[in-house]
Amino acid sequence: MTAAPIRAASIRAFTAAALGVALLAGTAAPALAQATGKRTPLLIEGKTALHQRVLTRPGAVLAASPGGTGKTVPPMSVFFVYDRKEQGGKSFLEVGADSEGKTAGWVEAADTIPWRHTLVMAFTNPANRERVLFFKDRKGLVDLLNSDRLLVDAEAARQQVASGAVPADSPIISAEPETFIDLQKQFYLLPILEANSTVLKSGFRVRTVRVASVTKEKAEPLAPTPSRRGNPEAELADFRSGVVFLVDATSSMQPYIDRARTAIEQVFQQVEAAKLNDRVRFGMIGYRDDPQKSKGVEYLTRTFADPNGTATKSAFFDSIKGVSASAASTRAFAEDGYAGLEQAIRKIDWKPFGGRYVIWFTDASSREGTSPLASTGLSTAQIRQLALENRIAIYVLHLQTAEGRNDHQTARSQYERLSNFPNVGSLYFPVEAGDAEAFRSQVQRLSELLVNQVKTAQAAAKPDAQPATPADDRMAKAAEDVGKAMRLAYLGEVQGTKAPAMFEAWASDRDFRKPDIASFSVRVLLTKNQISDLQATLRKVVEAGERGQIDPGDFFNQLRSAAAAMGRDPNRIAQGKARNLEETGLMGEYLEGLPYQSRIMSIDPDGWARMGVGEQQAIIDDVKSKVALYQRFHDDVDRWVTLHDKASAGDAVYPVPLDSLP
């Protein structure tokens, strides 16, 4: 059997299993379809290549004829629309699992949601922003956004939703829960049905989005419900934190390793005195360089202490006896720090911990994935994304020593981006002049702040009871804000917080009070096959470009086509057609109406041509690092989501952030 039939078969099996990934048809001409007798799905009005697709609501029934009896299909199933028919005052759709002409039956149109692309939204952590309000129509949302009483009326509406007392004439139908919804534990879809950019009376431009809420359970009648459940105070009493120290163990670091040991010992004494041994655990990972390529270097990375196995001070310090600076020098001043960070992210079992922290101390920048000396292939943006996907906050203590003066700016820029925590900001803290005692003090203080997050977790459920943090104390404020985000995520997990029970509604994708803060992250649901196809396609395009086998213009067009296909049709890459959208003239059709675009899609051919070689190379390097990230997504079994109980492992999807696409 050839490769093409194998792929087609896998696609059919995949869609029939009701995965929430939009499939789009190829661009075969209608004449060809008529000649072969193969049916094609209906086109979206005004389009020449984009076919109609729908997403099923919970309880949708697939029958052999319109209005007939049949079987209930899993929610979030995606179908192509082949025909429409009115019967008995109702509208029915003839649907199929793919675009190859084979239909599956009829479903009532009211039990479906039209879906024009593959993009969905997920709530960001609600810490440090207001909860999202959902409106019956766009007018109600825009009217509130233009109101002089926006913040007051919005907060009053949230209180009404929480108490279940929303007036019948209110434009608001629901609100985001107070705690964070874990996509793995309580999977939900917020497909983006429509998006508009609106200029308010104030002159500010905002984006309003129409979304549909689809969960795995059969929907209950639309009714506002209290968003907080359970007993937060009691549940936070079980909140635990894991703190992993990531240690640059290269030749210049011994004085700092010694000071860190002293600081951690002081913190451990406080932990044991407060009997918090089981609620806060410490670990330590060291990194040096590739021992196969650096003479005298014993390891690249090594886990000396796992927080899951160091319940006591003695256990921890026995485990880290071997942590010391290397006697041999590494191959460059920039170190392979991302290898150590990846080990902390992927090799530590973080599931028992609500608070997840890495405290990293180093005197050098880290090798980006494009460096020939880097072992991970991951850039700063990609390693940060891995940390965020696992809800890990990264604090960086950068030792600005005299020896590294030429590296300081590179390291600062890199680590400020790496440690940027959503809705909080950078967790980067430089140690001026590499002062060893100042470093010891910072390690001790930061560790104590994270321990105090556990001590006060129960009180933290009552924000008014918390003492105010001085505005100029950046480390304490950051620890407080990150701790709040960790607690909300933890409560959402233990309470099983679900998305609001509603179907279609309008919302703003930005916080009312702080418009620079995003309320949603944009995702694309991809299967393992699709991630593998994307990885393989981009690798071939990049390799061909670097070998000079394709000219710069065609190289850009191929990248841009791949990016557009992921927003409209992930399977188009597997069909080998994604590279030719620009040449076929379909690029405009694919991008038109696409509410969110990745970086490559935001650049036009003229803009690419005007870029210097350095700018173009930076984009190529970014794509190469993303190829490495896709492999991590593929291998990260804990993050794959099964959309319904009867789905096989191969039917799982990964909610890939839009920023991680080309």
Side-chain angles (χ1 to χ4, degrees), residues 121-133 151 154-155 158-159 161-162 175-186 188 190 227-230 232-233 235-236 239-243 350 353-358 384-385 387-395 419-427 446 449-450 452-469 471 473-500 507-521 657:
M121 283 183 158
F123 293 110
T124 62
N125 193 298
N128 308 310
R129 66 168 175 82
E130 304 291 350
R131 290 181 293 136
V132 176
L133 290 173
L151 299 180
E155 183 53 34
R158 293 186 188 95
Q159 296 300 324
V161 172
E176 173 191 6
E178 291 182 37
T179 55
F180 184 61
I181 309 170
D182 189 331
L183 274 174
Q184 287 181 277
K185 305 293 183 182
Q186 299 292 336
Y188 63 93
L190 290 175
S227 57
R228 185 182 286 283
R229 302 194 317 242
E233 289 80 3
E235 287 158 348
L236 281 172
F239 181 84
R240 304 173 69 220
S241 283
V243 181
W350 292 97
F353 304 110
R356 303 172 183 182
Y357 309 101
V358 170
R384 173 180 178 266
Q385 190 62 54
L388 293 180
E389 290 296 295
N390 288 276
R391 300 206 324 256
I392 297 168
I394 304 167
Y395 290 85
S419 65
N420 188 281
F421 194 83
N423 301 347
V424 174
S426 170
L427 305 179
L446 179 54
L449 287 168
L450 299 185
N452 286 337
Q453 290 294 324
V454 173
K455 282 185 180 180
T456 60
Q458 184 169 349
K462 304 174 182 178
D464 294 340
Q466 293 299 296
T469 299
D473 192 340
R474 192 172 77 85
M475 182 177 281
K477 184 67 168 64
E480 179 184 297
D481 290 346
V482 173
K484 181 180 179 183
M486 294 288 183
R487 292 191 298 272
L488 288 175
Y490 172 78
L491 282 174
E493 182 175 343
V494 298
Q495 293 176 356
T497 304
K498 300 177 182 178
S508 170
D509 66 353
R510 293 280 164 173
D511 183 58
F512 288 168
R513 188 181 298 275
K514 305 172 186 174
D516 59 322
I517 291 180
S519 300
F520 300 100
S521 65

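Because the structure is predicted, anything quoted here is derived from the model rather than measured.
To the nearest 0.5 Å, atom CZ of residue R384 and atom OG of residue S419 are 8.5 Å apart. Between Q495 atom CD and Y490 atom OH the span is 10.0 Å, to the nearest 0.5 Å. Interatomic distance, L151 CG to F512 CZ, rounded to the nearest 0.5 Å: 9.0 Å. Atom CD1 of I394 is separated from atom CG of L427 by 8.5 Å, given to the nearest 0.5 angstrom. Interatomic distance, OH of Y357 versus CG of L450, reported as 5.5 Å (0.5 Å rounding). A distance of 5.0 Å separates CD in E389 from CD in Q385, rounded to the nearest 0.5 Å.
Considering D481, N125, I517, D516 as possible partners of N423, the one that fulfils the side chain to side chain contact (heavy atoms under 4.5 Å, CB included) test is I517.
Residues passing the side-chain hydrogen bond (donor to acceptor under 3.5 Å, both in side chains) test with S241, sequence neighbours excluded: none. Residues meeting the side-chain hydrogen bond (donor to acceptor under 3.5 Å, both in side chains) test with S508, sequence neighbours left out: none. Among residues two or more places apart in sequence or in another chain, the side-chain hydrogen bond (donor to acceptor under 3.5 Å, both in side chains) test is passed with D509 by Y596. For D511, there are no salt bridge (Lys or Arg N to Asp or Glu O under 4.0 Å) partners, not counting sequence neighbours. The side-chain hydrogen bond (donor to acceptor under 3.5 Å, both in side chains) search around R129 returns T124, E176, not counting sequence neighbours. Evaluation of the salt bridge (Lys or Arg N to Asp or Glu O under 4.0 Å) rule for R510 yields no partner, not counting sequence neighbours.
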Check the pair R487, Q453 against side chain to side chain contact (heavy atoms under 4.5 Å, CB included), reporting the backbone distance first and the verdict last.
-> CA-CA 9 Å; R487 292 191 298 272; Q453 290 294 324; 2.6 Å; yes
Does the side chain to side chain contact (heavy atoms under 4.5 Å, CB included) test come out yes or no for V482 and M486, once each step is laid out?
-> CA-CA 6 Å; V482 173; M486 294 288 183; 4.1 Å; yes
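In plain terms, the two heavy atoms of V132 and S519 that are nearest each other are CG2-CB, 3.4 Å. Heavy atoms only, all atoms of each residue included: L388 and P422 are closest at CD2-CD, 3.6 Å. Pairing each heavy atom of N390 with each of R356, the nearest pair is O-NH1, 3.0 Å. Minimum interatomic distance between A485 and F421 (heavy atoms only, all atoms of both residues): CB-CE2, 3.8 Å. Of all the heavy atoms in N128 and K484, the pair that sits closest is N-NZ, 4.1 Å.
Inter-residue side-chain proximity for L491 and E493 is flagged as unmet; no heavy-atom pair is nearer than 4.5 Å. Looking only at side-chain heavy atoms (C-beta outward), E155 and E130 come within less than 4.5 Å of each other.
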